[in-house]
Amino acid sequence: STKSLTHRWRAGGKDSAKVFNSYAYVLQGVLDLYQASLDPQWLAWAVELATSAVDTFYDTEHGGFFQNGADDATVILRLKEDYDDAEPSGNSVMVGALLQLAAITDQPRWREIAEKTLKFFAPKLAENPGALPLMAQHAANASTEPFRIVIAGDPTAKDSLALRHAVWSVHAPNKVVLGTAAPAEEF
């Protein structure tokens with residue numbers, strides 16, 4: 001994939017640094033926008049972001065995501081963040097986002113990458129689950145199928161808006177909301 005996120009500093013300048021956490025958090029935000037609006041443009045962008053993140057940061061041999069891309073000459077040692085503090089780690093956020101993307105698009109690739117990442121972090125989770133609470137939640141969610149809530153029809157129609165409001169008024173951490181347009185699974 002040739003698309004990548006960049007950082008803006010000031011006066012319109014930007015650098016070429018590729019930072020994994022940016023991809024993880026933006027991907028989760030874009031998935032949230034898709035599920036809230038059911039606008040297919042957000043789902044298409046989510047697929048592009050996930051593809052770019054996997055191509056740039058994913059460790060295909062062991063699983064997990066490095067903090068920087070392989071082409072970053074400023075980094076001596078590539079690390080995988082393994083601690084959720086006030087801000088959850090990019091790996092924890094990415095696992096949840098990929099599990100959601102797999103459920104929405106029915107593309108097993110995303111689930112396989114999330115599961116391999118969970119497998120990589122399994123020793124850390126077993127030793128100290130409090131170090132990765134968000135990843136522990138995603139690991140628990142990965143063991144079951146998510147609740148898929150499909151809202152068919154025009155997502156801007158009054159009844160669709162009422163349905164979305166009802167869906168989001170109930171807390172269910174292992175749910176995904178999808179519409180019937182865009183690269184979602186066929187019914």
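Position 1 is the first residue of the sequence, and the numbers go up from there.
Checking side-chain atoms of Thr117 against main-chain N and O of Ile113 turns up a donor-acceptor pair under 3.5 Å. Of the possible polar contacts, one joining the Ser37 side chain to the Leu33 backbone as a donor-acceptor pair under 3.5 Å is found. Asn21 places a side-chain N or O within donor-acceptor distance of the main-chain N or O of Gly90, the cut-off being under 3.5 Å. Under a 3.5 Å cut-off, the side chain of Thr56 and the backbone N or O of Ala53 do not form any donor-acceptor pair.
Taking CZ of Phe20 as the reference point, atom OH of Tyr58 lies at 11.0 Å (rounded to 0.5 Å).
A pairwise comparison of heavy atoms in Leu118 and Ala142 identifies CD1-CB, 3.9 Å as the closest pair. For Ser160 against Pro155, the heavy-atom pair with the smallest separation is CB-O, 3.8 Å. The minimum heavy-atom distance linking Val167 with Lys175 is given by the pair O-NZ, 2.6 Å. Nearest heavy atom pair, residue Phe57 against residue Gln67, reads CE2-O, 3.9 Å. Closest of all the heavy-atom pairs between Trp42 and Val30 is O-CG1, 3.0 Å. Pairing each heavy atom of Asp39 with each of Tyr34, the nearest pair is O-CD1, 3.3 Å.
Asn68 meets the side chain to side chain contact (heavy atoms under 4.5 Å, CB included) test with Asp72, Val75; sequence neighbours excluded. Partners of Glu127 according to the side-chain hydrogen bond (donor to acceptor under 3.5 Å, both in side chains) rule, which considers only residues two or more places apart in sequence or in another chain, do not exist here. The side-chain hydrogen bond (donor to acceptor under 3.5 Å, both in side chains) search around Asn141 returns none, not counting sequence neighbours. For Ser169, there are no side-chain hydrogen bond (donor to acceptor under 3.5 Å, both in side chains) partners two or more places apart in sequence or in a different chain.
Residue pairs that meet the salt bridge (Lys or Arg N to Asp or Glu O under 4.0 Å) test with at least one member in residues 16-32, sequence neighbours left out, are Lys18-Asp71. Screening residues 130-166 for ring-ring contact (aromatic ring centres under 6.0 Å, His included), with sequence neighbours left out, gives no hits. Applying the salt bridge (Lys or Arg N to Asp or Glu O under 4.0 Å) test to pairs two or more places apart or on separate chains, none has a residue in residues 86-103. The salt bridge (Lys or Arg N to Asp or Glu O under 4.0 Å) pairs that include a residue from residues 130-146 are Glu145-Arg148, where partners are two or more places apart or lie in different chains. The salt bridge (Lys or Arg N to Asp or Glu O under 4.0 Å) analysis of residues 112-123, with sequence neighbours excluded, yields the pairs Arg111-Glu115.
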Let me have the donor-acceptor pairs involving side chains of residues 95-102, under 3.5 Å, with sequence neighbours excluded, atom names and distances please.
| unit_1 | atom_1 | unit_2 | atom_2 | d |
| --- | --- | --- | --- | --- |
| Gln100 | OE1 | Gln28 | NE2 | 3.1 |
| Gln100 | OE1 | Gln35 | NE2 | 3.4 |

Let me check something: any side-chain donor-acceptor pairs from residues 59-66 under 3.5 Å, sequence neighbours excluded? List them with distances.
| unit_1 | atom_1 | unit_2 | atom_2 | d |
| --- | --- | --- | --- | --- |
| Asp59 | OD1 | Glu61 | N | 3.1 |
| Asp59 | OD1 | His62 | N | 3.1 |
| Asp59 | OD2 | Lys80 | NZ | 2.6 |

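Side-chain contact between Leu49 and Leu5 is present, with at least one heavy-atom pair separated by less than 4.5 Å. Looking at heavy atoms from C-beta onward, Leu38 lies in side-chain contact with Arg164 at the 4.5 angstrom threshold. In this structure, Val26 and Trp45 have side chains that are in contact, with non-hydrogen atoms separated by less than 4.5 Å. Side chains of Phe120 and Asp82 form no contact here, defined as non-hydrogen atoms less than 4.5 Å apart. Taking the side chain as every heavy atom from C-beta outward, Ile149 and Val176 never approach each other to under 4.5 Å. Within the 4.5 Å cutoff, side-chain heavy atoms of Thr105 are placed close to those of Leu43.
When only modelled atom types and interatomic distance are considered, Asn91 and Ser89 share no side-chain donor-acceptor pair under 3.5 Å. Under 3.5 Å, the side chains of Thr144 and Asn174 contain a donor-acceptor pair of N or O atoms.
Taking Ile, Leu, Val, Met, Phe, Trp and Tyr as members and joining any whose side-chain heavy atoms lie under 4.5 Å apart, directly or through other members, the hydrophobic cluster of Leu134 also contains Tyr25, Val93.
Both Trp168 and Leu31 belong to a common hydrophobic cluster when Ile, Leu, Val, Met, Phe, Trp and Tyr are linked at side-chain heavy-atom distances under 4.5 angstrom. Cluster membership check: Val150 shares its hydrophobic cluster with Val177, using side-chain heavy-atom separations under 4.5 Å among Ile, Leu, Val, Met, Phe, Trp and Tyr.
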